[in-house]
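Working notes for the structure below.
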Amino acid sequence: MRLALAQARIAASRGEAPIGAVIADPVTGEIIASAGNGPIGAHDPTAHAEILAMRQAALKRGNYRLTGLTLVVTLEPCAMCAGAISMARIGRLVFGAADPKGGGVMHGGRLFEQPTCHWRPQVMGGVLAEESAEMLRDFFRARR
C-alpha cells in the first residue's frame, strides 16, 4: 500500500486525483506494474490508476488475464474498475479508503456480488485507509 500511496502522491503532483495502484505477484513479491490516476492528462475518462496498472501488467505478461496477481489501490474501485478487475481475473484486491459515493465494490453496485459477475477476487479493504482518505480530502479541499 505504501507504493500505491507514492503513486497517488505523484498523480496529485500532476493535478490528478491522488489515487495510486500497484500490481504484485504474491508468490515472488515482484511488482509487475504501478500507476497513478491519469484521466486529466491523458484526456481519457478510463485512465484510472487501476486500469493503467492493469494495462501495464497485461502488456508485461503478454496476457490480459492477470490471474493470481494482487492489485493494491488507495481507494475502493469504481464500478468500471471493478468490472475490469473481474475481466482481468485479478486474484486479490486490496484497497485503502472506502468510497461511499463512487465505490463499486463495497458500495454502490457491489459488482462482485452480482450474479452476472463471472470472477470475484478476494477483497480486503481498509488498509492504510485513513492515510489514503486524508490525501484525498486534502487534495479536494485545496481545490474548493
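Side chains included, hydrogens not; waters and symmetry mates left out as well; all remaining heavy atoms used.
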Check: residues 72-82 side-chain donor-acceptor pairs under 3.5 Å, at least two apart:
from: T74; atom 1: OG1; to: G20; atom 2: N; distance (Å): 3.1
from: E76; atom 1: OE1; to: D99; atom 2: N; distance (Å): 2.9
from: E76; atom 1: OE1; to: H107; atom 2: ND1; distance (Å): 2.7
from: E76; atom 1: OE2; to: V105; atom 2: N; distance (Å): 3.1
from: E76; atom 1: OE2; to: M106; atom 2: N; distance (Å): 2.7
from: E76; atom 1: OE2; to: H107; atom 2: N; distance (Å): 3.0
from: E76; atom 1: OE2; to: H107; atom 2: ND1; distance (Å): 3.4

Distance (rounded to the nearest 0.5 Å) between C117 SG and M87 CE: 8.0 Å
Shortest non-hydrogen contact from S86 toward L111: CB-CD2, 4.4 Å
Is there a donor-acceptor contact under 3.5 Å from the side chain of W119 to the main chain of I90? yes
What pairs of donor and acceptor atoms, side-chain ones from residues 55-69 against any protein atom, are under 3.5 angstrom apart with sequence neighbours left out?
from: R55; atom 1: NH2; to: T46; atom 2: OG1; distance (Å): 3.0
from: Q56; atom 1: OE1; to: S34; atom 2: N; distance (Å): 3.3
from: Q56; atom 1: NE2; to: S34; atom 2: O; distance (Å): 2.9
from: K60; atom 1: NZ; to: E30; atom 2: OE2; distance (Å): 3.3
from: R61; atom 1: NH2; to: D25; atom 2: OD2; distance (Å): 3.2
from: N63; atom 1: OD1; to: R65; atom 2: N; distance (Å): 2.8

R137 meets the side chain to side chain contact (heavy atoms under 4.5 Å, CB included) criterion, sequence neighbours left out, with E130, A133, E134, R141
If you look at every heavy atom in A35 and A53, which pair is closest and at what distance? CB-N, 3.8 Å
Go through the steps to decide whether I40 and R14 satisfy the test side-chain contact (heavy atoms from CB on, under 4.5 Å), and finish with yes or no. CA-CA 9 Å; I40 297 168; R14 296 189 315 259; over 6 Å; no
Tightest non-hydrogen contact, residues A12 and R143, listed as O-NH2, 4.4 Å
Would I32 and M54 show up in the same hydrophobic cluster when neighbours are defined by side-chain heavy atoms closer than 4.5 Å? yes
Which distance, rounded to the nearest 0.5 Å, do you find between the NE2 of H48 and the CD of E16? 9.5 Å
State yes or no: do L136 and V94 share one hydrophobic cluster built from I, L, V, M, F, W and Y residues joined by side-chain heavy-atom distances below 4.5 Å, directly or via other members? no
All heavy atoms of A47 vs all of P39, minimum pair found to be O-CD, 3.2 Å
Minimum heavy-atom distance A11-I19, with the two atoms named: CB-O, 4.1 Å
Please determine whether side-chain contact (heavy atoms from CB on, under 4.5 Å) holds for the pair R92 and L71, giving the CA-CA distance in whole Å, both sets of side-chain angles, and the decisive distance to 0.1 Å. CA-CA 6 Å; R92 185 169 185 232; L71 170 63; over 6 Å; no
For T70 and I23: C-alpha separation, side-chain torsions, deciding distance, then whether side-chain contact (heavy atoms from CB on, under 4.5 Å) applies. CA-CA 6 Å; T70 298; I23 296 179; over 6 Å; no
So, Q122 side chain and L93 main chain: donor-acceptor pair closer than 3.5 Å or not? no
May I have the step-by-step check of side-chain contact (heavy atoms from CB on, under 4.5 Å) for L3 and Q7, ending in yes or no? CA-CA 6 Å; L3 294 173; Q7 288 296 321; 6.0 Å; no
Quick check: closest heavy atoms across I51 and A84, and the distance to 0.1 Å? CD1-CB, 3.5 Å
Measure the shortest side-chain to side-chain distance between F95 and V127 over non-hydrogen atoms and say whether it is less than 4.5 angstrom. no
